[in-house]
Every structure is written in C-alpha cells, then in structure tokens.
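Read through the structure below, which is laid out as structure tokens, and then see the notes.
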Amino acid sequence: MRADGVLARLDHWGRLLLPGVVLMFFVLLTLAPLRVPYVSDILPLLPALAVFQFSLVTPERMPGPLLLAMGVLLDLLLGGPGAPVGVSALGFVLIRAAVVNNRRYLVGVPFLFQWIGFCLLTLGYVVIVWVFTALFTWTNLDAGPALAQYLVMVVAYPLVAPLLARVRPRDPLNVPESSRGTAQPGETTT
C-alpha cells in the first residue's frame, strides 16, 4: 500500500525545503536586534552550524547554489561598505565539502567527535573570514572579536546542535543501512 496524497507530498516537499529554510532563518536571525550579552556574538556563526548539521545527513539538500546565495546574502546583511562579499559563501561551500568528504568519521559517532569536527571546521571558517576581510580592507583587524565569536559558538554548539538534529531523525537517510530492512519509502504495512 502506498501513501499517495496531499500529506505525503507535503512531507516530501517539507523534507526537501527544510534545510534551506532553516539556513535562511539563521541568516536573517543575524540581523535580530537582541540585547542579550554574547548572544549577538554567535549569530553570524549560526548559519555555519546549520550547514554543518544538514551536511552530515542530507548533503544533497544543501546544494552549492543555495550555499552561495545564502553566503552572499549573509555578507550583504552583515557587511558594511568595504566588506568582502562572498567570503561567507566560500566558507559555507568549504564546510559542506569537508563534511561530505569526512562523513564516515562524523556520522554515527558519539556527540563529542561531531563537536570536535565542528570546532575544527568553524575555526577554519572564522580564520578564512578574518583573513579575507583583513586582506580585502587592507587593514590590521583585531582578531579578538573573531576569537570571542568562535569561543561562544563552541560553547553554544551543544545547545543548538541537538535542536537541529531533532528535525531530521525520521529522515530515511539517517537510519543505518543494516536496520533499514526491505521497506521502501512511502510503504505501509497491512
């Protein structure tokens, strides 16, 4: 018996669009005028967290053009005159590529190993953004705010990552190969 209907189609489209919608939400959240200490410091790195989390399980739902568009949008929203546009897009694409190439080390492992992987990739992302911004503006930028932003995001990762992981537990790609059985997506038992 196949589950063909409006709900099945909505479920299919929801699964396809959810990573992009969450990434767009985090990009727009960077502009939120929050008056909470340290929370506004981590907001620019939340899109990188979304790229990392969704690239772990469903990298095909985080295509390059989406990452490029969201990265350019983030740069345009955050940057002022003289800020490099496209450096966040480059960082997003590099994070996705690194996660996809190392999925065997990051999927199905304890949370601590995923956290370490995120810390390493985010450090690379922060360094790339800082270096390109310093080179583009040709000024000696203080690395302190970038390092503080990185440290706050590392501490916030255990709070935010499980929330993002909750939106994907029923995804068929998240089920280990050995426990999938013979059922096809959309089939129900009688």
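Not counting sequence neighbours, the partners of Ile116 by the side-chain contact (heavy atoms from CB on, under 4.5 Å) test are Leu112, Leu120. Remark: Leu159 engages no residue in a side-chain contact (heavy atoms from CB on, under 4.5 Å) (not counting sequence neighbours). Listed by chain and residue number, Phe52, Tyr157 satisfy the ring-ring contact (aromatic ring centres under 6.0 Å, His included) test with Phe118 (two or more places apart in sequence, or in another chain). Partners of Leu151 according to the side-chain contact (heavy atoms from CB on, under 4.5 Å) rule, which considers only residues two or more places apart in sequence or in another chain, are Leu147. Qualifying side-chain contact (heavy atoms from CB on, under 4.5 Å) partners for Val155, counting only residues two or more places apart in sequence or in other chains: none.
As a member of the Ile/Leu/Val/Met/Phe/Trp/Tyr network built from side-chain separations under 4.5 Å, Phe113 groups with Val109.
The side-chain heavy atoms of Met62 and Leu23, taken from C-beta on, include a pair separated by under 4.5 Å.
Other residues, nucleotides and ligands contribute at most 12 non-hydrogen atoms within 6.0 Å of the CG atom of Leu7. For Asn101, the CG atom sits in a packed shell: over 12 heavy atoms of surrounding residues, nucleotides or ligands are nearer than 6.0 Å.
Cluster annotation: Leu123 is connected to Trp130 through the hydrophobic network of ILVMFWY side chains, with a link wherever side-chain heavy atoms come within less than 4.5 Å. Hydrophobic clustering, with ILVMFWY side chains joined whenever heavy atoms are under 4.5 angstrom apart, keeps Leu17 apart from Val51. Under a hydrophobic-cluster definition in which Ile, Leu, Val, Met, Phe, Trp and Tyr are linked whenever side-chain heavy atoms come within less than 4.5 Å, directly or via other members, Val131 and Leu90 are assigned to the same cluster. Hydrophobic clustering keeps Phe26 apart from Val21 (ILVMFWY residues linked when any side-chain heavy atoms are closer than 4.5 Å, directly or through intermediates).
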What side-chain donor-acceptor pairs closer than 3.5 Å can you find for residues 64-71, not counting sequence neighbours?
none

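For Ala50 against Leu164, the heavy-atom pair with the smallest separation is CA-CD1, 3.9 Å. The two residues Thr139 and Thr137 come nearest to each other via the heavy atoms OG1-OG1, 3.0 Å.
For residues 84-96, the pairs satisfying side-chain hydrogen bond (donor to acceptor under 3.5 Å, both in side chains) are Asp75-Ser88, Ser88-Tyr125, with sequence neighbours left out.
To the nearest 0.5 Å, the span separating CG on Leu29 from CG on Leu74 amounts to 11.0 Å. Atom OG1 of residue Thr122 and atom CD of residue Gln149 lie 10.0 Å apart, to the nearest 0.5 angstrom.
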